[in-house]
Each structure stands twice: as structure tokens, then as C-alpha cells.
Amino acid sequence: MWRDALLVGSKDLRIEFRSRVTTTQVAPYAVLVLVLFGFAFDQDQNLLTKAAAGLFWVAVLLSSLLAVQRSYAIEATDGARDSLRLSGLDPAGIFLGKTLAVVAELLVLEVLLGFGVVVLFGIELHDPALLVVTCLAASVGLAAAGTLYGMIAAGLRVRETLLPLLILPVVAPVLLGATQAWMAALGTAGGGTDGWKWLSLLISFTVIYVAAGSLAFSILVEES
Amino acid sequence: MEPVIRFRSAVAFAGRFPVLAGVDLDVSGGDVVLLRGANGAGKTSILRAAAGLLRVVSGEARVLGSDLVLDQRAVRRRIGLLGHTSGLYDDLGVSDNVRFALRSSGVSSDRASCALETLGLVGRLADTPVRSLSAGQRRRVALAVLLARDPELWLLDEPHAGLDADHRDLLDGLVKSAASRGRTVVIASHESDRAEPLAGHIATVAGGVVVEVAPGPACRGSEPAEVERIVA
Amino acid sequence: MNPKADTEAGSIDRVREGGSQPPLGSGKAEPFAHRVAQGASSSSGRVTGTSDRVTRILGGSTLITAALTAWLGLVVTPPDKVQGQLVRLIYVHPAVATMCYAGFGLCALASLAYLWPRTRTRRWDRLAAASAEVGVVFCVLTLVTGSIWGRPTWGVWWTWDPRLTITALLCAVFIGYLALRRTGGDPDALAKRSAIVAVVCVLLVPVDHEATTWWASLHQTSTLLRANPLIHGEQLYTMLLSFVAFGLGFAWLVLHRYRVEVLEDRYADEGFDNAISERRAEGGVLTGAGPRSDGVAP
């Protein structure tokens with residue numbers, strides 16, 4: 001399973017590396033979202049600083065939608081999905097591989113957006129350990145939920161419109177947990193101990209999505 | 001000996017449309033069978049059903065001894081399907097594509113280079129992204145994957161389409177040598193003049209059923225019992 | 001229920017029936033003729049609508065208990081010391097919210113039963129569809145009654161309280177589920193996809209339920225489920241009766257909705273027999289004259 005996961009994950013990353021869609025389209029989009037938040041809050045630096053954690057994670061969430069759609073767009077070209085099924089790869093391995101590739105892309109984006117909020121919204125980082133662990137857990141959670149739902153929507157005619165409707169409410173607990181943990185770490189919310197409590201909610205959802213995806217993929221890959 | 005493919009009243013749907021409406025077909029080991037018929041007759045669907053991509057919902061469908069009605073996955077790695085689509089990733093290079101396809105089917109990627117050479121995909125072409133290849137070149141890449149995997153059952157869907165004269169001859173040679181190595185080959189084609197000389201048996205497909213099976217030019221005098229005639 | 005009318009359209013049943021049939025000789029699709037004939041015989045005169053004695057009894061008792069709840073809640077029980085007349089919403093809102101959970105929970109359980117290969121039949125899929133739809137209706141009602149209650153007590157129609165927010169998300173999640181169910185395509189594949197979504201979505205229900213305790217929320221915590229319930233006597237009985245009334249109404253709606261699904265499936269199935277014979281006729285098989293010339297490659 002892990003061998004298959006690495007194979008699929010490295011294939012996805014290699015395709016990303018060669019096509020550069022993430023670096024040339026998704027990353028600028030994410031930064032653009034941050035800049036637009038700045039516009040919307042009308043230069044109220046104080047408000048921006050307070051809301052920075054939430055805005056950061058909303059930007060990550062929106063970018064993760066694009067990353068997931070991209071992850072399935074490459075499978076849709078010229079019957080690649082059929083060949084993935086024919087290859088006899090372990091479905092759980094396919095799920096984990098695609099999830100890992102999206103996680104890697106999200107982590108890169110988060111570093112970029114992290115610089116963005118520091119520079120644009122003028123915040124200070126207090127608790128780097130909490131920030132980094134939150135990023136890791138939230139990325140895995142977003143990627144796992146996205147990859148699972150992407151597969152559910154794959155092959156449907158209405159996938160572009162259906163996917164956000166399906167994903168956004170489901171990853172809301174991840175968004176909530178990550179935002180609260182970041183607010184604690186950035187010092188824009190209550191005491192620092194709170195953050196780790198939120199992180200545990202975040203991690204439990206991440207674990208559930210990864211488990212659900214690994215189990216569900218064998219059903220999804222074999223249908224039709 | 002049990003036939004490599006055994007379909008009995010196999011029915012399969014695409015949405016609510018019955019693409020296979022009760023197919024009866026036997027293909028014995030080492031045979032080359034040509035499926036012929038008009039567009040939309042169900043040739044491709046028979047190949048996809050045999051590859052376990054199209055679910056047979058009623059009747060009997062056994063391939064290489066496994067029951068596809070119960071488990072579609074069991075035989076995947078023993079089957080190679082050359083379909084309408086090449087199943088390649090546009091942004092990856094030719095040799096990357098072949099290597100990924102081989103490794104994901106559990107075959108060592110060392111066998112890639114030999115196959116690529118046979119299909120003339122060397123030098124500059126090996127690193128070209130598949131995106132910028134012509135249809136015939138893509139077909140050759142897909143064929144290279146099939147050749148390197150060398151599965152027990154070859155399912156070829158319109159294999160000659162898009163290939164130039166030299167590579168058509170090469171393809172015919174590959175099919176013949178596969179059959180001589182004991183591989184079973186099923187070809188769906190409406191280019192009868194090209195595919196018929198290869199065929200040990202010719203099955204006519206129409207309306208989602210096999211209406212006739214007759215011995216072909218390359219029939220190696222196998223037992224007549226295996227030549228099943230089903231005429232309405 | 002009506003097991004005979006409930007002819008399965010599931011592929012597993014198709015496979016079972018098909019597997020026992022002899023190989024086709026000359027253009028007869030026995031499995032399907034058999035299956036559709038069975039469906040036709042049971043449908044003749046039995047199920048033309050979705051109501052029968054069970055639903056009529058359910059519907060009648062829903063009306064009676066609801067009327068009784070209204071009378072007790074509006075006339076008999078006293079107003080509250082703090083909330084005044086508003087307390088009467090306690091005979092509506094908690095019961096409605098519980099039915100919302102019941103709908104989503106039932107949907108998830110039915111989906112799990114569908115995903116489990118041994119219990120995979122279309123019945124579970126239909127039950128999931130029916131209960132999710134009814135659940136969404138009750139979820140909207142929960143938000144509306146909660147909003148009506150919130151305006152006078154909290155001073156706002158809506159507040160970004162965790163309980164409210166997560167309930168709204170729950171509603172959105174299952175609206176997405178219903179949207180997925182409408183995408184069409186292969187019914188079995190769709191049933192599997194939907195079942196997976198339902199099982200994942202229902203994870204929000206415990207979060208929603210615990211929201212009042214996890215977060216120091218505006219929303220009050222449970223009135224009944226505690227060692228020392230906050231209300232007693234006639235108020236308690238009225239509240240319990242409201243649960244019975246809405247529970248009966250819930251069952252009544254789900255049953256009707258389930259039967260609509262059965263009818264829809266049957267309508268789709270009736271096409272199968274024709275579709276197969278038409279398909280075979282394309283190749284000239286049913287005409288009895290051997291392969292037509294236009295059915296054969298040149």
C-alpha cells in the first residue's frame with residue numbers, strides 16, 4: 001500500500017513539477033485572495049491583524065479546492081483513470097498517494113501565505129511549534145477530505161459546481177480547529193494552552209478523513 | 001482446458017443503456033480472435049468487460065479462471081488493454097509514462113527501454129511530453145507499455161487506427177509473436193482486411209450480442225468443439 | 001411494509017437471478033423478463049400511490065398527538081418566570097431538532113448497511129434517500145424555530161454561536177448530499193458514492209450536539225438529558241408528547257418518501273426489458289432472420 005502510495009504521489013508531484021500549474025496559477029490565486037481580504041477590510045490594520053488566522057485558513061481552503069480539482073484533472077486526461085484501475089494498484093495506496101501530493105502542495109502554499117500574512121497583515125508569530133503542527137494536521141485533513149470528495153465527484157458532469165458544495169461544509173471543522181489553534185499561537189485569542197485543545201479536534205477530524213478515504217476508495221475506484 | 005474468456009448471456013449497462021445484451025463468447029488460450037461489427041455494436045464493451053472495467057451484471061463472465069461478476073480486480077494485472085484512449089499522462093514524458101505504467105502494474109521498469117526501442121520511441125522522443133505527440137505516436141507509447149508488460153491476455157481495441165504502414169506491420173508481427181508465445185489476443189476492429197489475416201476466429205458482434213463465430217484464416221486447426229456457432 | 005412490491009433493482013439480485021438462468025439460445029432475455037414480470041404482477045393493483053393502512057394510521061396519530069401537544073403547550077402549561085410565553089417553543093424546537101438528527105442518523109445507518117456487502121440492497125439506499133430528505137426539512141425547521149426563539153431572547157435573529165453555525169453547516173452538508181443524489185448515472189455507483197458521503201457527513205452531528213458543552217455557548221444545554229431535569233410535571237409531559245408527535249410525523253414522511261423511491265425505481269426498471277430487446281434487435285437477433293446485413297462489418 002505505501003509503495004503504491006509513494007508511486008502515485010511521486011507521479012502527481014512530477015506532473016505538477018513539469019506542468020507548474022500550482023506555482024503559476026494556484027499560488028498567485030492564494031496570494032490574491034489575501035490581498036483582496038485586505039481591500040475588503042479597508043485598510044483597518046487592527047481588524048486585519050485580529051482576523052489574520054481566519055483569513056489565512058480561508059485562503060488555504062480555497063486554494064485546496066483548486067489543488068484537488070487539479071489532482072483529478074490530470075487523471076481525467078485521455079483515459080488515465082481507466083489505466084489506474086487496470087494497473088491493479090491498491091485503492092488505499094492511490095488515495096494516500098494523491099493525498100500526500102496535495103499535502104505537499106498545500107504546505108508550500110502555506111509557507112507562502114504565512115509570509116503573506118506576516119508582511120501584509122502585520123502579525124507576529126509567537127508559538128512556532130503550534131503553528132507548524134497545526135499546518136501539518138490541517139493540510140492532511142484538507143487534502144484527505146478533498147481527495148475523497150474529488151473521487152466522489154470525479155466523472156460526474158457537474159463536478160466543478162458540486163465539489164465546492166460538498167467539500168466546504170465538511171472541512172469546516174478543520175478550518176475551525178486550525179483557525180482557533182492559530183489564533184492562540186498568534187496571540188490574537190485567549191491563552192496559549194487553548195491552542196493545543198483545538199489542535200486535538202483538528203487531528204481527530206484529520207484521522208477520521210484519512211481512515212474514511214482509505215476505506216472508501218476501494219469502493220469508489222471499482223464502481224461503474 | 002478452460003477457455004481464457006467465457007461469456008454466457010453477459011449483460012452490461014452504460015447508465016441505463018444495455019451495451020451488452022447477452023453476449024456468448026468463448027476464447028481459448030493462444031487464440032487470436034477478431035471481433036468485428038458496426039460502430040456501436042458492442043465490440044469495445046466486450047473488451048472493457050473482459051478487462052473488468054465494465055461490470056457484467058447478469059450472466060456468466062469468466063476471464064483467466066476468475067469470475068468477473070464476483071470480482072473485477074482479480075485478473076487486472078494479467079490483462080493488457082489497448083483502448084481508444086492511451087491512458088497516458090499528458091504532462092509526463094514518454095519514458096516516464098511507460099515507467100509509471102509498468103511500476104504501477106507491478107512490473108520492473110527495466111523492461112521499458114527494450115519495448116521503447118522496439119516501438120521506435122528513443123532519443124528525443126523518449127523525453128517529449130505525451131501532450132505534444134501525435135495520435136499514432138501515443139498509440140505506440142501505449143503499445144510499448146503493453147509489450148513490456150506482456151500480459152497473458154491482450155485486448156486490442158482498433159489497434160491499427162492512427163498507425164502508419166510500417167508500424168501496422170510491426171503491430172501485426174507483435175500480435176503473431178504474442179500468440180506464438182501462448183498469449184491470447186482479442187482484437188476489436190472494423191478494418192477487416194488488416195486484422196482478418198491475424199485471426200484464428202472471427203466473431204461478429206451486432207446489437208450487443210455475438211451473432212456468429214467462424215474460423216479465421218489463421219485458424220490452427222484447433223478442436224472444432226471450441227468453435228461455437230450461435231446463429232439466431 | 002410491502003415486501004413483494006419492493007422488487008429489487010440492485011445489481012446483486014440481477015446477478016443472482018441471471019446466474020441461475022441457462023445460457024441464452026436465441027435471443028430471449030429470461031432474467032429480465034422474469035424480473036420485470038415479477039415486478040408487474042406485484043404492482044398490479046397493489047401500489048399505485050404511497051399510502052396504505054400503516055401510513056394512514058401514522059398520519060392520523062400524528063395529527064392527534066400534535067393537536068394534543070398544541071393544546072397542552074398553548075393552553076394548559078403555564079408561562080415561564082424568565083422567558084414568559086416564549087417558553088412554549090420548548091414544545092417544538094427540541095423535538096424538531098431531534099428529528100433532524102434522527103433523519104441524518106438514519107440516513108447514515110442505512111448508508112452503512114448499503115456499504116456493507118452482505119446487506120447491500122437498494123432498500124437501504126432508498127431509506128437513506130428518504131430519511132436524508134426528511135432530515136433536511138427538519139433541519140431547516142430547526143433553524144427557523146431557533147431563529148424565532150433567538151430574536152426575543154437574544155435580541156438577534158442569527159448569531160455566530162457554535163451551535164447555530166454547525167447546525168447550518170449540517171444543513172449545507174446534507175443539501176450537498178441531496179445534490180449528489182440528483183446527479184444521475186449508474187444507479188449502483190451513485191448509491192455507493194452517496195452512501196460514503198452520508199457516512200462522512202454525519203460526523204458533524206456529534207460535533208453539533210456537543211457544541212453547547214465544548215464551547216461556552218449562548219445556546220442553552222439540554223433540558224431533559226441531565227440528572228435533574230429543569231422542567232417537571234405537565235411541562236415535562238407536554239415536551240415528551242411533542243417528541244412523540246414529531247416522531248410519528250417523521251416516520252410518516254419517511255415512509256411516504258421511501259415509497260416514492262420504490263415507484264421511481266420500478267418506473268426505471270420497466271424500461272430494462274424493452275431496452276435489452278431493442279438492443280438485441282439492433283443486431284437483428286430478435287427478428288429471427290439471422291444477422292441483418294447492416295449489422296455486420298463490410
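Computed from a predicted model, the values in this text were never measured in an experiment. Residue numbers start from 1 in every chain, and the chains themselves are labelled A, B, ... in the order their sequence lines are given, proteins ahead of strands.
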Q | Cationic N near anionic O, under 4.0 Å, R120(C) to D188(C) | A |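 The answer is no: the pair does not qualify as a salt bridge.
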Q.
Using the side chain to side chain contact (heavy atoms under 4.5 Å, CB included) definition, which of the options V140(A), T99(A), V174(A), L142(A) pairs with Y209(A)?
A.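 Of all the options given, the one that passes is V174(A).
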Under 4.5 Å from a heavy atom of chain A, the part of [X] involved:
{"X": "L169(C)", "result": "both"}
{"X": "L170(C)", "result": "neither"}
{"X": "V197(C)", "result": "both"}

**Q.** Intermediate values then yes/no, side-chain contact (heavy atoms from CB on, under 4.5 Å), E105(A) and V26(A)
**A.** CA-CA 10 Å; E105(A) 290 165 33; V26(A) 181; over 6 Å; no
Q: Could you list which of residues 54-67 of chain A have a heavy atom closer than 4.5 Å to any heavy atom of chain C, in residue-number order?
A: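 Near chain C, by residue number: none.
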Between [X] and chain C, which part of the residue has a heavy atom less than 4.5 Å away: side chain, backbone, both or neither?
{"X": "A216(A)", "answer": "both"}
{"X": "L215(A)", "answer": "neither"}
{"X": "L168(A)", "answer": "neither"}

Q. So which of P169(A), A172(A), A145(A), P173(A) has the largest heavy-atom pair count under 4.5 angstrom toward chain C?
A.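 So the answer, after comparing P169(A), A172(A), A145(A), P173(A), is P169(A).
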Q: Tell me, please, which residues at least two apart from R70(A) pass salt bridge (charged side-chain N to carboxylate O under 4.0 Å, His left out).
A: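 By the salt bridge (charged side-chain N to carboxylate O under 4.0 Å, His left out) rule, R70(A) matches E16(A), D91(B).
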Q) Excluding sequence neighbours, so at least two apart, what forms salt bridge (charged side-chain N to carboxylate O under 4.0 Å, His left out) with E75(A)? A)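 With neighbours one apart ignored, the set is K11(A), K98(A).
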Q: Report the residues that fulfil ring-ring contact (aromatic ring centres under 6.0 Å, His included) with F174(C), sequence neighbours left out, ordered by chain and then residue number.
A: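 Only F104(C), Y177(C) meet the ring-ring contact (aromatic ring centres under 6.0 Å, His included) criterion with F174(C).
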Q: Determine the minimum heavy-atom distance between F95(A) and A144(A), stating which atoms define it.
A: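 Taking every non-hydrogen atom into account, CE1-O, 3.6 Å.
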Q: Go through V137(C) and L253(C) one step at a time and tell me if the side-chain contact (heavy atoms from CB on, under 4.5 Å) criterion holds.
A: CA-CA 10 Å; V137(C) 170; L253(C) 284 171; 5.5 Å; no
Q: Return yes when atom CH2 of W158(C) has more than 12 non-hydrogen atoms of other residues, nucleotides or ligands closer than 6.0 Å, and no otherwise.
A: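 Count over threshold, so yes.
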